[in-house]
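Structure, as structure tokens:
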Amino acid sequence: ELEDGRIIGVVCDNDSMTPDIKLGWIVLVDRSENVISDGETYAILLNNRINFRSIYYSADNESFLLKPTNHKFNELFVQRKDFSIIGKPL
């Protein structure tokens with residue numbers, strides 16, 4: 001049995017994660033999956049906007065690399081305090 005609110009639907013409003021997650025898809029996100037595993041994809045909140053990104057830890061500057069799969073979009077290094085994990089796409 002699922003807990004209320006554990007699984008949510010998030011509309012993807014750009015093609016930054018194409019071909020894995022496409023523009024217009026409603027993506028089911030498991031909110032209980034909120035601990036970062038290096039290289040995994042997450043729904044995140046950054047600058048008051050929900051994005052899907054693969055996340056990598058960078059020990060060199062103690063930050064996280066937010067990486068889209070679509071190379072038309074830029075990678076971004078951020079501090080952990082600057083983004084929130086919503087959950088992991090199912």
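Here the structure is a predicted model, which is why all the values come from computation and not from measurement.
Sparse packing is recorded around CD of Glu62, with 12 or fewer heavy atoms of other residues, nucleotides or ligands lying under 6.0 Å away.
Two residues are said to be in side-chain contact when any heavy atoms from C-beta on lie closer than 4.5 Å; Pro89 and Ile21 meet this criterion. Considering only heavy atoms from C-beta on, Ile85 stays 4.5 Å or farther from Leu45 through its side chain. Counting heavy atoms from C-beta outward, Thr41 and Met17 have side chains that approach closer than 4.5 Å. Looking at Phe64 and Ser58, their side chains never come closer than 4.5 Å, going by heavy atoms from C-beta outward. You'll find the side chain of Asn14 reaches within 4.5 Å of the side chain of Arg49, heavy atoms only. Side-chain contact between Ile55 and Leu66 is present, with heavy atoms from C-beta onward closer than 4.5 Å.
Taking CZ of Phe73 as the start and NZ of Lys67 as the end, the distance is 15.5 Å to the nearest 0.5 Å. Taking CG of Asp30 as the reference point, atom NZ of Lys88 lies at 9.5 Å (rounded to 0.5 Å). The CG atom of Leu28 lies 11.5 Å from the CH2 atom of Trp25; values are rounded to the nearest 0.5 Å. Atom CD1 of Ile86 is separated from atom CD1 of Ile8 by 6.0 Å, given to the nearest 0.5 angstrom. Rounding to the nearest 0.5 Å gives a distance of 10.5 Å between CG of Asn34 and OG of Ser84. Distance check: Tyr56 OH to Ile36 CD1 gives 12.5 Å after rounding to the nearest 0.5 Å.
One side chain, Asn61 or Ser63, offers a donor N or O that lies under 3.5 Å from an acceptor on the other.
A donor-acceptor contact shorter than 3.5 Å links the side chain of Tyr42 to the backbone of Ser37. When atom types are taken as modelled, the side chain of Arg80 and the backbone of Phe83 share a donor-acceptor pair closer than 3.5 angstrom. No donor-acceptor pair closer than 3.5 Å links the side chain of Thr18 to the backbone N or O of Asn70.
Ser16 and Pro68 make their closest contact through O-CB, 3.2 Å (heavy atoms, listed as atom of the first residue, atom of the second, distance). Nearest heavy atom pair, residue Ile26 against residue Gly9, reads CG2-CA, 4.1 Å.
Under 4.0 Å is where a charged nitrogen must lie from a carboxylate oxygen, and between Asp15 and Lys22 no such pair does.
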Using the side-chain contact (heavy atoms from CB on, under 4.5 Å) rule, take Val29 and Phe52 through it: C-alpha gap first, then chi angles, then the decisive distance, then the call.
CA-CA 10 Å; Val29 175; Phe52 293 96; 4.0 Å; yes
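Note: the hydrophobic cluster containing Tyr57 also contains Leu46 (ILVMFWY, side chain heavy atoms under 4.5 Å, direct or indirect links).
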